[in-house]
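Right, one structure below, let's go through it.
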Amino acid sequence: MKFLKYLILVLVLLNVPAAILRYVSPTLGTISSYSIFLLLIFYYLFQERSSLNVSLIVLGFAYYLIASFSYIGETMILITDTIKYFVVVVCGYELLRTVSKRELFFLLLIGALTIVIEAVFFPSKFGRYSGLYLNPNVAGFICISGYGLIYGLRSVSLKLIGQFVFSLMGLLTFSRTFIALWVTLNIISLWISVKNVRIFFLGFGILMTMVFIDEVVGLNNPRFQQIMAIVNNEQVSTAEINEGSRTDTWAKFYEDILEKPFFGSGYGTFQGRVGKHTTGVHNNYLLLLGEAGFIPFLLFLAYIFYHLFWSIRLFSKAPNLVMQYIALSVFLMANHNFFNFFYILFCAMWLQIQINKNKESIYVNKTVAI
């Protein structure tokens with residue numbers, strides 16, 4: 001079963017089907033995508049099973065059911081998406097129970113390294129890179145998730161490798177969300193040890209590496225020029241930095257939310273799939289509120305805040321959990337694909353499992369002490 005486990009993890013966490021779909025063949029991409037769900041079901045049937053992921057099952061049921069009330073697209077698409085979600089939440093949750101921190105670290109590290117491969121060998125005229133993840137902002141999430149994870153590793157060498165690789169790869173995505181989260185996580189790391197201040201000096205070395213890459217392949221990215229201008233103490237206008245910001249995108253959907261606050265506008269309307277909007281809302285919280293109303297929205301908030309609360313409580317025991325959960329919860333304010341980008345869902349469920357395991361160990365220790 002180990003081979004099957006790693007095959008599924010590689011396919012999901014490295015976003016292999018989507019990359020095959022774009023770069024190789026739509027047919028092969030579709031086959032590899034559907035094979036994930038068959039492999040997950042097979043794994044689940046032949047693996048010793050434990051409790052179900054009740055919170056995400058309830059959330060998914062509320063979201064897909066209520067969002068179906070006003071759905072105006074093809075019925076088969078909604079049914080297929082619903083089935084895929086529940087297969088991942090039920091079967092994937094069981095698989096992720098067996099994934100260690102080191103295993104997840106190496107998988108995220110491999111995924112992140114595909115970003116520099118694209119930057120060096122397949123330079124883009126847009127100057128933003130995403131590797132196998134196809135979207136720079138999502139690639140930034142993979143990097144910041146890996147970066148937060150390193151604070152849960154014992155190996156000093158793996159921590160240093162992770163700090164450098166995830167920082168450099170994340171900066172190559174030129175995701176503003178990644179940069180903001182990178183600074184935030186490094187400030188939090190000072191509570192672990194003041195010695196972690198050295199990462200800010202490492203950041204200078206990373207910038208020099210980016211300058212070298214720029215000289216070799218030409219990053220051709222206005223955000224890189226803005227970063228260098230800030231480093232050189234040159235004036236950069238606020239308008240340039242905020243150009244194309246998420247807040248402008250969110251504002252386009254506010255009226256739709258206010259029109260139907262109870263049951264939403266229907267599945268896909270805030271994803272650019274159906275309805276008047278050709279682009280997505282880029283905010284998972286607004287997506288739930290806009291497509292299915294306040295019930296799934298409140299359930300999702302409860303899910304996020306519950307696990308965020310416990311990750312904070314477990315900071316002294318497992319500091320990586322709060323870092324990764326902050327990264328996840330903030331990233332979902334800039335992305336609306338929690339329900340259908342399954343590597344994001346995998347990362348969320350892995351954190352959920354780790355938080356539950358650490359909670360259980362606390363209660364066990366208290367019982368032993370008594």
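Quick note: numbers below take in every heavy atom, side chains included, and nothing from hydrogens, waters or symmetry partners.
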ring-ring contact (aromatic ring centres under 6.0 Å, His included) between Phe341 and Tyr343, intermediate numbers included: CA-CA 6 Å; Phe341 277 16; Tyr343 44 88; 5.7 Å; yes
May I have the step-by-step check of side-chain contact (heavy atoms from CB on, under 4.5 Å) for Leu40 and Val88, ending in yes or no? CA-CA 7 Å; Leu40 277 170; Val88 170; 4.2 Å; yes
For Leu345 and Phe339: C-alpha separation, side-chain torsions, deciding distance, then whether side-chain contact (heavy atoms from CB on, under 4.5 Å) applies. CA-CA 7 Å; Leu345 196 52; Phe339 291 91; over 6 Å; no
Might you work through the side-chain contact (heavy atoms from CB on, under 4.5 Å) test for Thr177 and Ile144, ending with a clear yes or no? CA-CA 9 Å; Thr177 305; Ile144 201 64; over 6 Å; no
Ile77 and Arg273: side-chain contact (heavy atoms from CB on, under 4.5 Å), yes or no, with the steps? CA-CA 11 Å; Ile77 293 176; Arg273 294 186 178 190; 4.0 Å; yes
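Annotation: Tyr151 is not in aromatic contact with Phe315 [ring centroid separation under 6.0 Å not met]. Aromatic ring centroids of Tyr285 and Phe300 lie under 6.0 Å apart.
Side-chain contact between Tyr93 and Leu56: absent, with no pair of heavy atoms (C-beta onward) separated by less than 4.5 Å. Proximity of Asn335 to Ile344: side-chain heavy atoms (C-beta onward) are separated by under 4.5 Å at one or more points. Leu153 places a side-chain heavy atom less than 4.5 Å from the side chain of Lys101. Looking at heavy atoms from C-beta onward, Pro261 lies out of side-chain contact with Phe294 at the 4.5 angstrom threshold. Considering only heavy atoms from C-beta on, Met323 stays 4.5 Å or farther from Ser311 through its side chain. In this structure, the side chains of Phe122 and Tyr129 stay at 4.5 Å or more apart for every pair of heavy atoms. Proximity of Val281 to Thr249: side-chain heavy atoms (C-beta onward) are nowhere separated by under 4.5 Å. Within the 4.5 Å cutoff, side-chain heavy atoms of Leu95 are placed close to those of Ile8.
Nearest heavy-atom pair across Arg102 and Leu158 is NH1-CD1, 3.4 Å. Between Cys347 and Leu13, the shortest heavy-atom distance links the atoms SG-CD2, 4.4 Å. When all heavy atoms are compared, the tightest approach of Leu132 to Ala19 is CD2-CB, 3.6 Å. Nearest heavy-atom pair, Phe338 versus Ala348, reported as atom, atom and distance to 0.1 Å: CE1-CB, 3.7 Å. The two atoms that bring Leu14 and Leu107 nearest to each other are CD1-O, 3.5 Å, heavy atoms only. The two residues Asn137 and Arg128 make their nearest non-hydrogen contact at OD1-NH2, 3.1 Å.
Applying the side chain to side chain donor-acceptor pair (under 3.5 Å) test to pairs two or more places apart or on separate chains, none has a residue in residues 25-39. Applying the side chain to side chain donor-acceptor pair (under 3.5 Å) definition to pairs two or more places apart or across chains, those involving residues 49-71 are Ser50-Glu94, Ser50-Arg97, Ser51-Arg97, Asn53-Ser55, Asn53-Gln352, Ser55-Gln352, Tyr63-Gln271, Tyr63-Glu291. Screening residues 324-333 for side chain to side chain donor-acceptor pair (under 3.5 Å), with sequence neighbours left out, gives Asn320-Gln324.
Checked options Leu321, Leu104, Leu351; the residue passing with Leu149 is Leu104 (criterion: side chain to side chain contact (heavy atoms under 4.5 Å, CB included)).
Partners of Lys84 by salt bridge (charged side-chain N to carboxylate O under 4.0 Å, His left out), not counting sequence neighbours: none found. Judged as a ring pair (Phe, Tyr, Trp, His ring centres under 6.0 Å), and not counting sequence neighbours, the contacts of Phe253 are Phe270, His277. For Tyr303, the ring pair (Phe, Tyr, Trp, His ring centres under 6.0 Å) partners two or more places apart in sequence, or in a different chain, are His307.
The distance from atom CD1 of Ile257 to atom CZ of Phe297, rounded to the nearest 0.5 Å, is 8.5 Å. Considering CZ of Phe305 and CG of Leu298, their distance stands at 11.0 Å, rounded to 0.5 Å. Atom CD1 in Ile161 sits 13.0 Å away from atom NZ in Lys159 (nearest 0.5 Å). The CD atom of Glu74 sits 10.0 Å away from atom OG1 of Thr80, with the distance rounded to the nearest 0.5 Å. Here the CZ atom belonging to Phe141 is positioned 13.0 Å from the OG1 atom belonging to Thr173, to the nearest 0.5 angstrom. Expressed to the nearest 0.5 Å, how far CG of Leu59 lies from CG of Leu299 amounts to 6.0 Å.
If you chain together hydrophobic residues whose side chains sit under 4.5 Å apart, Leu113 and Phe121 fall into the same group. Two different hydrophobic clusters hold Ile192 and Val194 under the rule that ILVMFWY side chains link at heavy-atom gaps under 4.5 Å. Ile72 and Leu287 are assigned to two separate hydrophobic clusters, defined by single-linkage of ILVMFWY side chains at heavy-atom distances under 4.5 Å. Residues Leu9 and Phe3 share a hydrophobic cluster, clusters being chains of Ile/Leu/Val/Met/Phe/Trp/Tyr side chains in contact below 4.5 Å. Criterion: ILVMFWY side-chain heavy atoms under 4.5 Å apart, direct or through other members. Under it, Ile31 and Tyr23 are not part of a common hydrophobic cluster.
Checking side-chain atoms of Asn337 against main-chain N and O of Asn340 turns up no donor-acceptor pair under 3.5 Å. Judged by distance alone, the side chain of Trp310 and the main-chain N or O of Asn356 form no donor-acceptor pair under 3.5 Å. The main-chain N or O of Ser100 is found under 3.5 Å from a side-chain atom of Glu103 such that the two form a donor-acceptor pair.
Around atom CZ of Phe263, no more than 12 heavy atoms belonging to other residues, nucleotides or ligands sit under 6.0 Å away. Around NZ of Lys276, the count of heavy atoms belonging to other residues, nucleotides or ligands within 6.0 Å exceeds 12.
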